[in-house]
Amino acid sequence: MKKISLLFAGCLLVSACALQTKERGYIFPDGTDTKLAAVKTTGDLEQSFGSPAAKTIYGKPVWIYYGADEGYRGPFPLTWDNRRVLLAWVDPPPPGGYGAAGGRVIQTKILKDSDLPNVDIVGGATPIPAEIRLNAFQELINNVGRFTPSGLGQ
């Protein structure tokens with residue numbers, strides 16, 4: 001009986017350490033560099049890589065494509081592997097937008113894991129100005145009379 005319980009506990013521990021990887025953001029295909037070399041306009045960029053994850057608002061327009069592999073390893077902290085960022089500097093759009101042909105792509109750059117800085121995320125919460133903190137009892141009292149009984153049509 002003791003061996004069976006140890007075997008069960010061992011299986012439970014091993015199952016908690018499962019490796020799982022999810023791709024987040026843009027999935028960069030093989031040959032991204034050669035595809036990027038053929039891009040001359042924003043129309044070509046959208047046709048080859050799709051819509052960007054973000055476009056800058058201030059300064060020169062930059063289209064940003066971002067992708068990473070999110071790794072789960074049981075109870076251990078979440079890891080990010082194979083991070084890549086594609087930056088494409090484009091001509092500012094004319095007042096009516098880019099149109100069918102698109103604007104000109106001025107410069108492109110691909111940043112990989114080694115080029116990106118490691119940013120340490122600080123735990124805890126960001127303080128919010130004028131925040132009102134209520135305990136469970138205060139929340140309960142605060143919600144009295146807020147909700148109408150169903151069927152009254154209000």
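Residue numbers run from 1 in the order of the sequence given. The structure displayed is predicted, hence computed values, not measured ones.
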Does [X] reach the side chain of [Y], with side-chain heavy atoms less than 4.5 Å apart?
{"X": "Asn135", "Y": "Gln138", "answer": "yes"}
{"X": "Leu36", "Y": "Ile110", "answer": "yes"}
{"X": "Val105", "Y": "Trp63", "answer": "no"}

How long is the gap from OG1 on Thr41 to CD on Glu46, to the nearest 0.5 Å?
-> 9.0 Å

Should the pair Tyr65 and Tyr26 be assigned to parallel (<30°), tilted (30 to 60°) or perpendicular (>60°) ring geometry?
-> perpendicular

Search all heavy atoms of [X] against all heavy atoms of [Y] and return the closest pair with its distance.
{"X": "Lys60", "Y": "Thr56", "result": "O-OG1, 3.1 Å"}
{"X": "Lys35", "Y": "Ser48", "result": "NZ-O, 3.4 Å"}
{"X": "Phe49", "Y": "Val39", "result": "CE1-CG2, 4.2 Å"}
{"X": "Ala88", "Y": "Leu45", "result": "CB-CD2, 3.6 Å"}

Linking directly or through intermediates, with side-chain heavy atoms under 4.5 Å: list the remaining ILVMFWY members grouped with Leu134, chain and number order.
-> Ile132

